[in-house]
Number of protein chains: 2
Amino acid sequence: MTLDPDVLRALADPMRARIVELLAGEALCTCHLVEETGAKQANVSNHLKVLREAGLVDAEPCGRFTYYRLRPDALRRVADSLSTLADTASAQSLTRRPC
Amino acid sequence: MTLDPDVLRALADPMRARIVELLAGEALCTCHLVEETGAKQANVSNHLKVLREAGLVDAEPCGRFTYYRLRPDALRRVADSLSTLADTASAQSLTRRPC
DNA sequence: ACGATACATCAGCCTCTGCTGATGAGTGCA
DNA sequence: TGCACTCATCAGCAGAGGCTGATGTATCGT
């Protein structure tokens, strides 16, 4: 299992991480996120685009609103890749390649 | 469990992700990583500094060499935070705050 | 039909960050 | 002691990415 740079990069930004944490609790539309984060609308929209393209978030148009929903499977994939990496590291913690 | 931006940012870079994957198999010194990645020595050294400051890697000076070892606990912490975030998202997948 | 609202996109600016060549410190070998 | 090697750090540069104001599109209420 190899690490996905796009997903990790999307999660690495503090504002996007905050959005992900907010969306973990409930589905929210952009105006909610603008209100919660205090950021400008264009800024939030840009971050949501990054999260969407990384596959971390689904957009659900609903009238003139757009609800955003977190994709737990995407989060779980990253968690698994990091977990298995930690496991292999633990297993070979004493191995050291000679110079 | 909140997401650690420093650790995620450290993992988000492709070259650093590659270094982490290499270190998951065995402890390596900088010259090994320079050889494996094909990057310049200064570049690798900078990436290792970022990984070190994020707590993802331990440096073990050994004569004129410096061995780097992955810290599985740090990796597991990120994995757990992402996993619990995925769990809470799954549990409340139908909740939607009204506009 | 018109105004208000929600959202996306764009161009411009600015900061951050990764890459490189050069230099310096520390270590081991002849 | 002198030389080669490993590694860290620095200054400089170039590219990426985040923030903002402005504009465009679509939808709802009156």
Side-chain angles (χ1 to χ4, degrees), chain A residues 3-23 26-70 96-99, chain B residues 3-23 26-70 96-99:
Chain A
L3 299 177
D4 186 330
D6 291 331
V7 177
L8 286 171
R9 204 186 64 78
L11 290 170
D13 183 86
M15 176 73 70
R16 286 195 290 266
R18 172 126 182 75
I19 291 177
V20 165
E21 288 171 1
L22 287 168
L23 290 180
E26 50 182 340
L28 298 170
C29 56
T30 312
C31 56
H32 287 145
L33 293 169
V34 169
E35 188 181 358
E36 293 278 352
T37 60
K40 300 296 178 75
Q41 180 265 325
N43 192 11
V44 172
S45 196
N46 275 326
H47 284 309
L48 285 171
K49 181 179 184 179
V50 174
L51 291 172
R52 211 184 319 134
E53 290 176 347
L56 281 166
V57 145
D58 265 344
E60 304 176 5
C62 177
R64 55 176 163 168
F65 305 107
T66 303
Y67 274 91
Y68 281 90
R69 187 179 299 283
L70 196 58
R96 169 191 284 202
R97 184 190 302 185
C99 265
Chain B
L3 299 176
D4 187 330
D6 291 332
V7 177
L8 286 171
R9 207 187 63 76
L11 290 171
D13 183 85
M15 176 72 70
R16 286 196 290 266
R18 172 128 183 74
I19 291 176
V20 166
E21 289 171 0
L22 287 167
L23 291 180
E26 51 183 340
L28 298 170
C29 57
T30 311
C31 57
H32 288 145
L33 293 169
V34 170
E35 189 181 357
E36 293 278 349
T37 61
K40 300 295 178 74
Q41 181 266 326
N43 192 11
V44 172
S45 196
N46 275 326
H47 284 308
L48 286 171
K49 182 180 185 179
V50 174
L51 291 171
R52 212 184 317 133
E53 290 177 346
L56 280 166
V57 146
D58 266 344
E60 303 176 4
C62 178
R64 58 176 162 166
F65 304 108
T66 303
Y67 274 91
Y68 282 91
R69 189 177 300 280
L70 195 56
R96 167 192 285 201
R97 183 190 302 186
C99 265

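Values below: every heavy atom of this structure, side chains too, minus hydrogens, waters and symmetry copies. Here is the naming used below: chain letters follow the sequence lines, and residue numbers restart at 1 for every chain.
Not one N or O on the side chain of His32(A) forms a donor-acceptor pair closer than 3.5 Å with the backbone of Ala27(A). Proximity of a side-chain donor or acceptor of Ser45(A) to a complementary backbone N or O of Gln41(A) within less than 3.5 Å is not detected.
Taking only side-chain nitrogens and oxygens, Arg52(A) comes nearer than 4.0 Å to OP1 or OP2 of dA8(C). For the OP1/OP2 pair of dG18(C) and a distance below 4.0 Å, the side-chain nitrogens and oxygens of Arg16(B) include at least one atom meeting the criterion.
Both Cys62(B) and Cys29(A) sit near DNA chain C, but only Cys29(A) has its closest nucleotide nearer the 5' end. In terms of position along DNA chain D, the nucleotide closest to Cys31(B) lies nearer the 5' end than the nucleotide closest to the other residue of the pair Cys31(B) and Val50(A).
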*Please walk me through it: do Asp58(A) and Tyr68(A) pass side-chain contact (heavy atoms from CB on, under 4.5 Å)?*
CA-CA 6 Å; Asp58(A) 265 344; Tyr68(A) 281 90; over 6 Å; no
*Can you check side-chain contact (heavy atoms from CB on, under 4.5 Å) on Glu60(A) and Cys29(A), steps first, answer last?*
CA-CA 9 Å; Glu60(A) 304 176 5; Cys29(A) 56; over 6 Å; no
*Stepwise side-chain contact (heavy atoms from CB on, under 4.5 Å) test for Leu28(B) and Glu26(B)*: CA-CA 6 Å; Leu28(B) 298 170; Glu26(B) 51 183 340; 3.9 Å; yes
*Decide yes or no on side-chain hydrogen bond (donor to acceptor under 3.5 Å, both in side chains) for Arg97(A) and Tyr67(B), but give the supporting numbers first.*
CA-CA 9 Å; Arg97(A) 184 190 302 185; Tyr67(B) 274 91; over 6 Å; no
*Evaluate the side-chain contact (heavy atoms from CB on, under 4.5 Å) criterion for residues Asp13(B) and Val50(B): first the C-alpha distance (whole Å), next the side-chain angles of each, then the deciding distance (0.1 Å), finally the verdict.*
CA-CA 10 Å; Asp13(B) 183 85; Val50(B) 174; over 6 Å; no
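Taking 4.0 Å as the cutoff to heavy atoms of chain A, we find the contact window on DNA chain D bounded by dG17(D) to dC28(D).
Between the OH atom of Tyr67(B) and the C1' atom of dT27(C) there is a distance of 15 Å, rounded to whole Å. Put simply, CG on Leu48(B) is 14 Å from C1' on dG18(C), counting in whole angstrom units. For the pair Asn46(B) CG and dC16(C) C1', the interatomic distance rounds to 14 Å; values are reported in whole Å. Rounded to an integer number of Å, the gap from His47(B) NE2 to dT17(C) C1' is 10 Å. Going from atom CD of Glu35(A) over to atom P of dC7(C) covers 12 Å, rounded to whole Å. Spacing between atom CZ of Arg64(B) and atom C1' of dT27(C) amounts to 7 Å, rounded to whole angstrom units. For the pair Arg18(B) CZ and dG18(C) C1', the interatomic distance rounds to 18 Å; values are reported in whole Å.
If you check dT9(C), dC19(C), dA6(C) against the side chain of Phe65(A), the one that comes closest is dA6(C).
Between the base of dA8(C) and the side chain of Gln41(A) there is a donor-acceptor pair shorter than 3.5 Å.
Backbone-only engagement by Thr30(B) is indicated by non-hydrogen atom pairs under 4.0 Å involving sugar-phosphate atoms exclusively.
Between Glu21(A) and Arg16(A) there is no salt bridge, since no side-chain N of the basic residue sits under 4.0 Å from a carboxylate O of the acidic one.
Taking every heavy atom of residues 5-13 of chain A and every atom of DNA chain C, no pair lies under 4.0 Å.
Leu56(B) and Ala10(B) make their closest contact through CD1-CB, 3.9 Å (heavy atoms, listed as atom of the first residue, atom of the second, distance).
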